[in-house]
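Working notes, beginning with the structure itself.
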Amino acid sequence: MGVFVCKGGCRMVNYEAKRIEEKWRAHWEKSGRDRTDEDSKRPKYYCLDMFPYPSGSGLHVGHWRGYVLSDVWSRYKRLMGYEVLHPMGWDAFGLPAENDAIKKRIHPAVGTARNIANFKGQLKRMGAMFDWDREMNTSSPEYYKWTQWIFLQLFDMGLAYRKEMPINWCPSCKTGLANEEVVDGACERCGTPVTKRNMNQWMLRITEYAERLLNDLDLLEWPDKVKKMQANWIGRSVGAELEFKLVDLDDRLKVFTTRPDTLYGATYMVLAPEHPFVQKLTTPEQRVAVSEYVEQTLAKSNLARQQMDKTKTGVFTGGYALHPITGEQIPIWIADYVLMDYGTGAIMAVPAHDQRDFEFAREFQLPIVRVIQTRGNETKVTDLMQESDTGDGILMNSGPYNGLTVPEAKQKLVDDLEAQGIARRTVGYKLRDWVFARQRYWGEPIPVVHCETCGIVPVNETDLPVMLPDVERYEPTGTGDSPLAAIESFVNTTCPSCLGPAKRETDTMPQWAGSCWYFLRFADPHNTEHPFDRAKVDAWLPVDMYIGGVEHAVLHLLYARFFTKVLYDRQVIGFKEPFTRLFNQGMMTLNGIKMSKSKGNVVNPEELVDKYGADTLRMYELFVGPPEVDAEWNPRAIEGVHRFLTKTYRLIAESAIHAPKEESPALRKLRHRFVHQVTERLVSFRFNTVVSAFMEFVTALSEQKAAIDQMTLQTLTICLAPLAPHLAEEVWELLGHTGSVFDQLWPEVDEHDLIEETAIVVVQVNGKVRDRIEIQRDAEQAVVRELALASSHVQSALKEKSIVKEIYVSGKIFNIVVR
RNA sequence: GCGGGUGUGGCGGAAUUGGCAGACGCACCAGACUUAGGAUCUGGCGGGUAACCGUGGGGGUUCGAGUCCCUUCACCCGCACCA
């Protein structure tokens, strides 16, 4: 124990964080303290961090936040008697490594390995109890073999398919993107505006799972915000497909609508410019205008199509449809506000009751017919409408349906049209199938071959993994081919089916692929025969607590849920949802902006660990604010936490020597109140207030005149252990124990010790505090009243007033109402 | 536009079910110990001389509102022509 002599000659214990932390880290490593025991009789608890992409820039204090949180939680659960699985691994496929490879001519595997070593060292210095024996890396063949295996299952189930279609294309990353990766019309990674490109693509049929992905959100203890974001993204809407006959054509036009009740208000139709009917509907007079408009639309980037002021544009095709009931002719237009990949790519436009249709109708002087009489809107002169009216009401201008309510009309109209075979109830989703191929090098090769005679043939399971070959140049070709296409030894192969010559698929999987199932692999990370042993996975999963940033709300979290459901259907696992509970930690900001290397505003944890120790930084990360809220880094405030730990260390170290066995009743009360408070705040994830509870307790202890007893010191140490594990182990040893503090159990609270005999009652007059009086807890109201009225402060407030009413909240407040 | 969130001292933030607003920490001020203090310890610290006033603004319910209701403003996040 370090001791220094202060000015006055007193000897003081010195808190040597660095020495203590190195000592215990070595200790834990040697004893295997952090390894998860498969044979433990304790109940299981799986606490998982969203595993990191090992970037070159390492960790900053913002990254620490989530890892500290999960570690505190894991250690707390350990002390609560659970066998905790708290693993860590690397989401190691991805563009930065590849871009680095292009720039520096280092193989991505080399750069990635170096970054991983760096990350791992940093995480170890944090003192987190990761079970490093389970470490894994999505870019290793041992792992991606099974990612490819899962792809084969998807293929076999018909959930992976190829389709020629215009997809989102990032000209800078030179690859296709999923819908989820396009933010405000730009590439999520690099911010480059995304364009459309027609490509033959691997897709995953995630839409097939839309309904279950939506419904099963109910099973999850996730932040409402995230559930809403997913629900919103899936975007379920109930409606109907209606068929319209076309004038002079044999075909029927299908439209999707959620408002079949407004059928009589349909004054025109709109097709997406890409709609297959456009050609045949267009009359010779309109041909030029139409093809010009179609060309224009296709040339527009997504960004332009979205962000351009929403002035409606469009062209009349010259064609007409027939109203299914009245037989009236309805002109058919094309406009880019109708999207080809939603619904049927065609709509019936009801300008009176849809704002977009209204704007379009105004722009092109198309008729507007009100068919719903809404409350407070008595006008029947539809030309006077200033905007569409989407309110509820009674049908009008709708022939036999007049007088029905909106829900009645929806029901009856669809029933009637259904009877004629020209309507069908359907559900539409905003969710699109997942573009699951990237034209880049550093990813899992998609394990199929293209055979001239057999077509697309999956690689035999026994031939997995399809190894990612070494290449000379990593640059994307930009032609839509991945760099793998240039490697003949990779491309040329034999067909697993007919054994004839065939070519390998050269696209790779998107970065999300590996993270779609890594949480399963952690239960059995070294299995070479299977992706994992089902019994192990079913025993550990689902993840009890999943901690990570909210930025994955619809990307990773939706994809991982989809994979889980597929594997459940495939009977590879026995549960439908991967993550029971989710917690999103807030970001760390500096000068109000998100901390990041690229913005040049990172705070390096290494220096802080050197100066104060990891325990101080851990605790400060918690103290900085509510864990779910963004927090501004305050370089000074960490001092306060460090002072607290120094004080705590001294208090325990110095008290340890002469600590009596017997505890005083006062300390016993103090201790129980503390444990109660800290536990309550911990379980409700109010970690910032957990830290203040410690501060208050230690201050109260240091104000004690009597020596602090052993029980109190032990309790303090155990409670502190999840937050400051190194310090706790050290003082646990100083208190004379030999084992790890993490083999102890979290202290229990005796409710009896929380009850105080006396209470302070606030005396108010007309709601204003006038005095405080001490009473026996069970004092009768009459006694309290007498004491309250005896107070001189109260008396002066009562002067020349008469008492109207008295309210007594037992042991808390006595309020006298006067006039 | 739609959906969600947040507004409390100089700052970060506390405040079970409506019941003492400002816990805890930072910064600041004063003092102690010191050759010295960017160490440590003690005290103070919303505004106002006071009565009182104070949780973005206005209104309401209540004996009592940061907390509930209505209204309004500001900022943040998500979605965004999804028929």
Side-chain angles (χ1 to χ4, degrees), chain A residues 4 6-8 10 12 183-185 223-233 235-237 239 255-259 262 270 272 305-308 310-312 335-339 341-350 353-357 359-360 387 428-432 550-551 553-554 592 620 623-626 628-641 643-644 646-647 650 680-681 684 686 688-697 699 702 760-772 804-818:
Chain A
F4 76 94
C6 79
K7 280 282 139 42
C10 58
M12 280 187 102
V183 179
D184 291 335
D224 284 341
K225 182 191 157 107
V226 176
K227 290 202 208 179
K228 285 212 172 94
M229 280 169 76
Q230 289 215 355
N232 205 329
W233 191 262
R236 181 181 199 267
S237 57
V255 302
F256 174 70
T257 178
T258 55
R259 294 296 304 275
T262 60
V270 186
R305 195 159 163 179
Q306 267 180 33
Q307 288 193 334
M308 214 165 343
K310 307 234 164 124
T311 315
K312 297 288 179 289
D336 65 4
Y337 82 91
V338 174
L339 309 173
D341 54 359
Y342 184 78
T344 61
I347 62 160
M348 63 175 207
V350 186
H353 305 292
D354 182 286
Q355 188 58 21
R356 295 152 301 180
D357 297 344
E359 284 163 18
F360 191 84
E387 55 179 5
Y429 298 95
K430 278 166 66 175
L431 184 71
R432 309 289 202 269
V550 75
E551 64 271 17
V554 283
Y620 178 62
F623 191 56
V624 72
E628 69 281 6
V629 175
D630 290 352
E632 172 74 8
W633 182 260
N634 179 346
R636 309 286 283 279
I638 191 171
E639 302 266 359
V641 174
R643 275 197 277 267
F644 160 74
T646 305
K647 195 169 151 186
R650 272 189 198 145
E680 193 178 63
R681 292 176 181 189
S684 50
R686 282 139 58 209
N688 53 328
T689 63
V690 167
V691 177
S692 35
F694 276 102
M695 288 172 166
E696 283 173 281
F697 185 50
T699 302
S702 54
I760 305 290
V761 168
V762 172
V763 184
Q764 300 180 334
V765 176
N766 282 355
K768 290 205 170 79
V769 181
R770 293 303 172 190
D771 206 353
R772 295 171 176 83
V804 186
K805 196 174 176 183
E806 292 166 17
I807 293 114
Y808 179 54
V809 180
S810 180
K812 273 187 182 165
I813 276 205
F814 190 78
N815 189 13
I816 304 164
V817 186
V818 297

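- Between A:Val765 and A:Val818, the shortest heavy-atom contact is CG1-CG2, 3.9 Å.
- Sequence order on RNA chain B of the closest nucleotides to A:Ile816 and A:Gly428 puts A:Ile816 first from the 5' end.
- Going from the C1' atom of B:A51 to that of B:C63 covers 23 Å, rounded to whole Å.
- If you check B:C63, B:C20, B:A15 against the side chain of A:Arg772, the one that comes closest is B:C20.
- Counting any heavy atom pair closer than 4.0 Å across all strands shown, A:Thr699 reaches no nucleic acid atom.
- A:Gln355 comes within 4.0 angstrom of nothing in the nucleic acid, heavy atoms only.
- Residue A:Phe623 has its side chain nearest to B:G12 when only B:A15, B:G12, B:G19 are considered.
- Nucleotides B:A74 and B:A36 have their C1' atoms positioned 50 Å apart, rounded to a whole Å.
- When the nucleotides B:C26, B:C79, B:C20 are ranked by their closest atom to the side chain of A:Asn232, B:C79 comes out on top.
- Checking B:A23, B:G4, B:G19 against every side-chain atom of A:Ser692, the shortest atom distance belongs to B:A23.
- Against the 90° criterion about 0, the sugar-base torsion of B:G44 places it in the anti range.
- Taking every side-chain heavy atom of A:Trp233 into account, B:A80 is the closest of B:A83, B:G25, B:A80.
- Checking B:U16, B:A27, B:A83 against every side-chain atom of A:Arg636, the shortest atom distance belongs to B:A27.
- Among B:C24, B:C77, B:C79, the nucleotide with an atom closest to any side-chain atom of A:Lys430 is B:C79.
- Within the nucleic acid shown, A:Glu696 comes within 4.0 Å of sugar-phosphate atoms alone, with no base atom in reach, counting heavy atoms only.
- Neither OP1 nor OP2 of B:G3 sits under 4.0 Å from any side-chain N or O of A:Lys228.
- Taking only side-chain nitrogens and oxygens, A:Arg650 never comes nearer than 4.0 Å to OP1 or OP2 of B:U40.
- Each of A:Lys768 and A:Asn634 was assigned the nucleotide of RNA chain B with the nearest heavy atom; the assignment lying further toward the 5' end belongs to A:Asn634.
- For B:U42, the paired nucleotide is B:A30, the pair qualifying as Watson-Crick or G-U wobble because both relevant distances are below 3.5 Å.
- Separating the CG atom in A:Asn232 from the NZ atom in A:Lys430 is a distance of 4.5 Å, to the nearest 0.5 Å.
- Checking B:G1 for Watson-Crick or G-U wobble geometry (two distances, each under 3.5 Å) identifies B:C79 as its partner.
- Under 4.0 Å is where a charged nitrogen must lie from a carboxylate oxygen, and between A:Asp341 and A:Arg432 at least one such pair does.
- Side-chain N/O atoms of A:Arg259 and A:Thr257 include no donor and acceptor closer than 3.5 Å.
- A gap of 35 Å separates the P atoms of B:U35 and B:G46, to the nearest Å.
- Going from the C1' atom of B:U55 to that of B:G1 covers 32 Å, rounded to whole Å.
- Residue A:Val809 is classed as a base contact, given a heavy-atom separation below 4.0 Å to a base.
- Atom CE of residue A:Met695 and atom OG1 of residue A:Thr689 lie 12.0 Å apart, to the nearest 0.5 angstrom.
- Considering only side-chain N and O atoms, A:Arg770 lies under 4.0 angstrom from the phosphate OP1 or OP2 of B:C52.
- Note on ring orientation: taking the six-membered ring where Trp is involved, the planes of A:Tyr337 and A:Phe360 are tilted (angle from 30° to 60°).
- Nucleic acid contact for A:Glu680: base, since at least one base atom lies under 4.0 Å from a heavy atom of the residue.
- As rounded to the nearest Å, B:G18 and B:G64 have C1' atoms that lie 8 Å from one another.
- Taking atom C1' in both B:C76 and B:A65, the straight-line distance is 26 Å, to the nearest Å.
- Between A:Phe256 and A:Tyr342, the two ring planes are perpendicular [angle over 60°; tilted spans 30° to 60°].
- A distance of about 11 Å separates the P atoms of B:G59 and B:G54, rounded to the whole Å.
- Between the C1' atoms of B:G5 and B:C45, the separation comes to 33 Å (whole Å).
- The side chain of A:Asp354 has B:A83 as its nearest neighbour among B:A14, B:A83, B:G78.
- With distances taken from any side-chain atom of A:Thr257 to the nucleotides B:U16, B:A83, B:C81, the minimum falls on B:A83.
- The A:Asn688 side chain lies nearest to B:A14 when the options are B:C63, B:A14, B:G4.
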